[in-house]
Protein chains: 2
Amino acid sequence: MTEEDAEPIRRRPGGRAARVRQAVLAAALEVLAEEGVARFGIAAVAARAGVNETTVYRRWGTREKLVLDAMLAGSTEGIPVPDTGDVRTDLAAFARALADYLATPAGRAVARAAALSSDDPGLAEAWETFWQSRLELAGAIVERAVERGELPAGTDTGLALELLCSPLQTRALLGHRPIEPDLPERLADTVLDGLRGRG
Amino acid sequence: MTEEDAEPIRRRPGGRAARVRQAVLAAALEVLAEEGVARFGIAAVAARAGVNETTVYRRWGTREKLVLDAMLAGSTEGIPVPDTGDVRTDLAAFARALADYLATPAGRAVARAAALSSDDPGLAEAWETFWQSRLELAGAIVERAVERGELPAGTDTGLALELLCSPLQTRALLGHRPIEPDLPERLADTVLDGLRGRG
DNA sequence: CACTTAACGCAAGTAGCCTTGCGTTAAGGT
DNA sequence: ACCTTAACGCAAGGCTACTTGCGTTAAGTG
């Protein structure tokens with residue numbers, strides 16, 4: 001099991017390589033947003049980046065890996081996590097922001113791309129951590145609510161966010177049905193109080 | 001707006017045509033379950049059905065349409081809808097059955113196929129009605145609960161099922177994270193009583 | 001049974017995706 | 001400034017999905 005001690009293989013992170021990388025990743029995000037996942041091709045990305053096709057194939061190999069890398073590198077900023085002091089307001093606002101994002105071409109494309117590449121175990125795990133890191137940020141909403149006494153101690157943060165976000169993601173993924181304006185609020189209400197209502 | 005009166009184009013639903021159709025659709029479901037969506041190809045389906053590739057291309061045109069047609073024709077039976085007299089038990093059992101189905105290769109493949117072909121407006125609408133018809137059957141669980149007084153009148157049946165099923169669908173679609181054994185029950189509990197619990 | 005033609009099989013051809021070999025450019029060390 | 005070589009561009013080739021033209025089979029009709 002030789003790790004990497006046998007061959008030093010000095011990399012060259014500076015100058016041209018980094019420039020090419022940035023250009024390709026930026027172009028990938030643009031093509032993804034404009035053309036969608038189905039028409040997303042290496043050729044289009046390479047042309048827009050002003051780079052030869054071969055370079056993209058050698059560095060990334062497949063469409064799926066390129067999309068994943070572009071997402072990991074490009075979208076460091078995520079959905080804003082509100083903090084108004086009220087759980088219901090926070091959850092509704094976050095759900096609304098997520099719904100708006102998923103309504104954009106880029107948002108749709110990202111969700112589709114993740115669904116596409118979930119066959120490969122390695123890529124699926126990478127996407128999982130990607131989503132996980134995003135949801136952990138929003139977990140603060142639930143945790144703050146527990147501290148304020150709005151939610152009981154021991155509340156499952158992951159389950160709460162999954163219930164809130166999954167309906168939106170599912171609609172974006174496999175439906176053509178649009179997300180109604182009041183859906184985020186109704187989701188927040190039901191997640192908090194259940195179908196039976198309060199009391 | 002000529003409907004279909006100009007060209008009668010007498011179809012031939014009997015005999016060979018129907019035989020070929022059934023063979024291809026059955027083969028499509030098999031290939032879909034065994035190879036997955038990514039490796040799903042017209043050639044493999046045609047070979048397994050004992051039919052020439054050209055025939056499949058001429059009748060269905062694209063992979064997406066073939067998968068959709070195979071699903072619509074092949075899986076008339078859906079997830080069993082329990083009726084135990086208790087909402088919580090019914091919802092948990094249905095969620096569990098759905099989770100089990102999504103864990104099978106065929107279930108995963110179906111979900112992925114729907115996500116793939118949701119770019120085409122026509123196909124997306126067809127898939128939407130497909131899911132819709134499945135969820136309407138399960139809607140009986142909520143409606144019966146309302147009649148029994150377990151749930152308040154005016155309960156949103158669609159929202160209830162969406163909250164119950166979406167987390168399972170989302171995990172199957174874009175994660176590698178498995179569905180924990182107790183997840184269906186926890187989903188049913190939270191959907192009914194909310195994060196704040198009962199009382 | 002004879003006739004029309006929808007539906008199928010066969011084979012050749014096209015196009016897009018991806019790989020490979022080789023020469024060239026430029027980054028990083030001496 | 002010089003050398004080594006990682007990284008890129010170019011061009012040719014292979015592979016797979018898909019299309020098209022044409023002859024053949026068999027379903028439906030009188």
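A quick note: this is a predicted structure, and the numbers were derived from the prediction, not measured. Proteins come first, then strands; the chains are lettered A, B, ... in the order of their sequence lines, and each starts at number 1.
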- Kindly write out the residues that satisfy salt bridge (charged side-chain N to carboxylate O under 4.0 Å, His left out) with A:R63, not counting sequence neighbours, or none if the list is empty. none
- Query: Do A:W127 and A:L116 come within less than 4.5 Å of each other through their side chains, counting heavy atoms only?
  - Reply: no
- Task: Check the distance between D:dA17's P and B:W60's CH2 and give it to me in whole angstrom.
- Result: 18 Å
- Item | Selection: residues 33-44 of chain A, any non-hydrogen atom under 4.0 Å of DNA chain C | A:I42
What N/O pairs connect the protein and nucleotides 12-16 of chain C at under 3.5 Å? Give each pair on its own line.
none

- B:R112 and A:S118 side chains, donor-acceptor separation under 3.5 Å: yes
- Please state how far atom CZ in B:R19 lies from atom P in C:dC8, giving the value in whole angstrom units. 10 Å
- Query: B:T84 and B:D86: side-chain donor and acceptor closer than 3.5 Å?
  - Reply: no
- Item | By side-chain contact (heavy atoms from CB on, under 4.5 Å) - contacts of B:E185 (at least two apart) | B:A92
- Sequence neighbours left out, what pairs pass side chain to side chain donor-acceptor pair (under 3.5 Å) with at least one residue falling in residues 158-172 of chain A? A:E162-B:R171, A:T170-B:T170, A:R171-A:E180, A:R171-B:E162
- Taken in chain and number order and not counting sequence neighbours, the residues that satisfy side-chain contact (heavy atoms from CB on, under 4.5 Å) with B:D189 are B:R88
- Item | Length of the CG-C1' vector between A:L66 and C:dC18, whole Å | 14 Å
- Message: Any residue in residues 47-58 of chain B with a heavy atom nearer than 4.0 angstrom to DNA chain D? Just list them by number, or reply none.
- Response: B:T54, B:Y57, B:R58
- Query: Atom NZ of B:K65 to atom P of D:dC18: distance rounded to whole Å?
  - Reply: 12 Å
- Task: Just do the salt bridge (Lys or Arg N to Asp or Glu O under 4.0 Å) check on A:K65 and A:D120 with the steps written out, would you?
- Result: CA-CA 10 Å; A:K65 293 180 183 175; A:D120 186 302; over 6 Å; no
- Query: Looking at A:I42, A:V45, A:L25, which one forms a side-chain contact (heavy atoms from CB on, under 4.5 Å) with A:W60?
  - Reply: A:L25
- Task: Output every pair passing side chain to side chain donor-acceptor pair (under 3.5 Å) with a member in residues 139-150 of chain B, not counting sequence neighbours, ordered by first then second residue.
- Result: B:D83-B:R144, B:R148-B:E150
- Item | side-chain contact (heavy atoms from CB on, under 4.5 Å) partners of A:T155, counting only residues at least two apart | A:V142, A:V146, A:L151, A:P152, B:L195
- Only counting residues at least two apart or in another chain, list the ones meeting side-chain contact (heavy atoms from CB on, under 4.5 Å) with A:L135. A:L161, A:C165
- Enumerate the residue pairs fulfilling salt bridge (charged side-chain N to carboxylate O under 4.0 Å, His left out) with a member in residues 31-45 of chain A, sequence neighbours excluded, ordered by first and then second residue. A:E34-A:R48
- Using five base pairs at each end, measure the axis-to-axis angle across the helix from C:dC18-D:dG13 to C:dT30-D:dA1 and round it to 10 degrees. 30°
